[in-house]
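For reference, the structure discussed in these notes is given below.
The structure displayed is predicted, hence computed values, not measured ones. Chain letters run A, B, ... following the sequence lines, proteins first, then strands; residues in each count from 1.
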Amino acid sequence: MTKEMTSGGEALIKALADENVEIMFGYPGGAALHIYDAIYQQNRVQHILVRHEQAATHAADGYARATGRPGVCLVTSGPGATNAITGIATAYMDSIPLVVISGQVANHLIGTDAFQETDMMGISRPIVKHSFLVQKAEDIPVIVKKAFHIATTGRPGPVVIDVPKNLTDPNEKFEYKFPSDLYLRSFALYDKADTSDIEKAAKLLTEAERPVIYAGGGAINANAAAEVFKLGKLMGCPVTNTLMGLGVYPASDEQFIGMLGMHGTYEANMVMHEADLIMAVGARFDDRITNNPNKFGLQAKKIHIDSDPSSIDKIIDVDLAMTGNAKEVIAQINNQLEKMNFDSSKFQPWMQKALKWRKEHGLNHDMLNQESKSDIILPQQVIQSAYKATGGKAYVTSDVGQHQMFAAQYYHFNEPRKWINSGGLGTMGFGLPAAMGVKFAFPDETVACITGEGSIQMCIQELSTCGQYGLPIKIINLNNRALGMVKQWQDMQYGGRYSSISYEDSLPDFIKLAESYGHVGMKVEKLSELNDAMEECFSLKDKLVFLDVYVDPDEHVYPMLKAGGDMSEMYLSKTIKTFE
Amino acid sequence: MNHIALLLENQPGALSRVIGLFSQRGYNIDSLSVAPTQDETLSRLTMTIGEEGADINQILKQLYKLVDVVMVQNLSEVDSLAMELALIKLKKSKFDVQKILQDISLENEILDEKEDFTIFKVLGDTKVIEELLAILKKEEFLEVTRSGTLGVTRGSESLATNDQTKISYD
Ligand SMILES: Cc1ncc(C[n+]2csc(CCOP(=O)(O)OP(=O)(O)O)c2C)c(N)n1
Ligand SMILES: [Mg+2]
């Protein structure tokens, strides 16, 4: 075999291709120029030019969430690197595999406050799973291989590779060797659980009277949907998903009681509160779930399955912890339940109780057909209309705020990886670039971005990227002319003192804005026109449509957990609450 | 008081990951010592966490999660040795340093002495060093520098650098 000589820049791109990377998102600049020159001279890896580095990270992130494969982005040093930080933190909080390559000033300039120098290793340190500063060009292929391994295994997360410019010099060539094996010292991974723990788990599950399965984003990361579904069926008990876990258990299944937590359904929160066994699968007892941890699940024994040992006993102490891959561990438990011939009718009365709660105060999924005197559109109706127009089949990305919660509550996700939102960090601006990542991954699928007029303006520049690459994303803007979620808190906790939440007179004309980028803009203000507009929006297959929907600015998201309370303490509407 | 021993990859930024973890997660660290080991690819750290109510298990798990951390062990949970070195520079006074040192169960030695100062070392248990410092507090310190606690398990086993994990691809 002839030796292949490459520069560091070429080796980097070649190694990405050898890692089966097909697409990367990025933005060039001085320190990354050798790398960009290497990109130009090959065609195995496609580079997508975004309009802001934050969007590169979110697009790579959206790609990763939708496909399960790592997302890749490339930014230059200094401002390029700092612009990427929000996106890296977003991926870190939601355990999303990303490989972020940042250019760095030349080795000999590091530490001199050189032009566009920033300590990327230092700045990104608390928000990465790991990071590498390349020290020798020859190390690049091995570092790339390690980065992908670390990003994608165990609890996934972002990995940064900081590459000094001189190490990508096109004139300095070395022999390219992509490693076939990798050596990592003490990189512990957990797959299966001990048989004795599996037996214990099955015993706890079947001996319970009021069990609930609470599945989160970790179950999606582990591709455990089929196993979780089977577990639900073997148990016949209520199943709830976190905001990050929506879709891992099908929303249309009768055992699904909706999302839990801060804006979870009444029935899901009541089930959690009354349960005598809580089985957490790839979920981490986040404060938006548990409400006051001291009042959480006091009647319940707890089983926790997680790939990250440090997630266990971090917030809630559990009775049985199983560190492992959710797919493997749930499959083991399912086997055990089958061996025991467990009769799932045992939990029928408990399931019925959950359904009774739903009847009492469940979400109204039929608001489109309800009689209404005014022609004002409620935000919930927009989601229901979008669900109808897409047959529930779309990939839905979202931003952060009321619109995000309405989308989570009212668009029924029947499959994993179809609901793509920033749950942990809550990053406004995520939705549109994430939708681009999804669309690149699945060009033939419908991709909708459900957003608010506040959030969409945080990465609005990406309308230009969508134009350049012809990405027919559907942007459904729930325009309430305010930072609605902040306003809701100000209504509920600050006596309606609206501090800095409005900009009504200075909102852009989104229709003209969309058109100026070459897209289609549509505006809807009347309920009677909503469904037709929605249908039209989704029927324009090869166009990006910006559907600007004027919604009731006074609507709140309910249920909402009472701050500091337990999970049964909820506001159910502006006038009804479950506590004194 | 927990003494934690840790083996760390000798990589750029590795130490800052360990230290950063403490501030990031709100853990308090009383002392930290770092030095190379006989294996040049590894450094060894001993950390002391004195804070009451600190969730040591969570701290150990978070430390072990760092890719650069090869091994971590809570020495306080096993039969182990721990000691600290302090160098103390005192202003000369009527105060009888020799006398004090005789009375205290620390290995010690006067290293340098002139008309206006004395430098001496003490070696031993951290608590005893702190007791000594409390007594000396009445005198005029010029300088104190301490190594932080160092620790090692008793017995023949060592904080193993478990073998590299080989990850093969087809
Ligand atoms: C980058 C960022 N800044 C601030 C916030 C705090 N925040 C949360 S929701 C929200 C309002 C979002 O407004 P909009 O996008 O219009 O959504 P709405 O709640 O009105 O549906 C704000 C400011 C955030 N989540 N992210
Ligand atoms: Mg808004």
Side-chain angles (χ1 to χ4, degrees), chain A residues 18-20 92 104 107 110-111 119-135 139 142-143 145-155 157 159-160 162 164 178-190 306-315 317 321 323, chain B residues 4-27 29 37-45 49 53-74 158-170:
Chain A
D18 287 344
E19 265 300 331
N20 302 315
Y92 180 72
Q104 182 54 279
N107 267 143
I110 290 182
D119 175 12
M120 182 57 165
M121 293 286 284
I123 270 188
S124 64
R125 198 215 73 238
I127 50 164
V128 295
K129 186 170 175 194
H130 194 56
S131 47
F132 295 92
L133 173 62
V134 180
Q135 290 176 299
D139 293 343
V142 176
I143 288 178
K145 185 140 197 113
K146 280 187 182 171
F148 278 84
H149 183 76
I150 292 168
T152 53
T153 52
R155 180 179 182 174
V159 175
V160 163
D162 202 28
F178 192 65
S180 54
D181 300 324
L182 198 57
Y183 293 88
L184 280 170
R185 194 145 52 176
S186 164
F187 186 71
L189 287 177
Y190 310 87
D306 206 290
S307 59
D308 176 2
S310 70
S311 283
I312 288 168
D313 291 341
K314 184 174 70 177
I315 294 161
D317 285 338
T323 309
Chain B
I4 295 172
L6 186 148
L7 288 174
L8 186 67
E9 294 279 0
N10 209 345
Q11 285 291 328
L15 186 59
S16 75
R17 289 182 218 272
V18 173
I19 293 169
L21 183 79
F22 279 81
S23 62
Q24 183 184 349
R25 302 248 171 216
Y27 311 144
I29 186 166
T37 63
Q38 69 283 9
D39 175 348
E40 71 210 7
T41 65
L42 291 172
S43 315
R44 182 165 172 136
L45 282 66
I49 295 160
D55 185 347
I56 294 294
N57 272 333
Q58 182 60 214
I59 296 176
L60 293 173
K61 286 193 278 188
Q62 292 290 355
L63 284 168
Y64 192 56
K65 200 163 103 175
L66 296 174
V67 174
D68 282 336
V69 170
V70 172
M71 198 52 80
V72 53
Q73 185 178 25
N74 188 356
S158 58
L159 186 58
T161 60
N162 66 342
D163 290 336
Q164 305 227 1
T165 316
K166 178 175 170 185
I167 299 140
S168 292
Y169 294 81
D170 315 314

Flag the pair B/D39 and A/R185 as a salt bridge only when some basic side-chain nitrogen lies within less than 4.0 angstrom of an acidic carboxylate oxygen.
-> yes

Taking C-beta and beyond as the side chain, do B/N57 and A/D313 meet within less than 4.5 Å on heavy atoms?
-> no

Honestly, the part of B/L21 sitting under 4.5 Å from a heavy atom of chain A is backbone

What's the spacing between B/R17 CZ and A/H130 NE2 if we round to 0.5 Å?
-> 4.5 Å

For B/Q58, what residues pass the side chain to side chain donor-acceptor pair (under 3.5 Å) criterion, not counting sequence neighbours?
-> B/Q62

Gap separating the CE atom of A/M121 from the CD atom of B/Q11, nearest 0.5 angstrom | 8.5 Å

Tell me, please, which residues at least two apart from A/R155 pass side chain to side chain donor-acceptor pair (under 3.5 Å).
-> A/S95, A/D308, A/S311

Stepwise side-chain contact (heavy atoms from CB on, under 4.5 Å) check, B/K61 with A/K314 = CA-CA 10 Å; B/K61 286 193 278 188; A/K314 184 174 70 177; over 6 Å; no

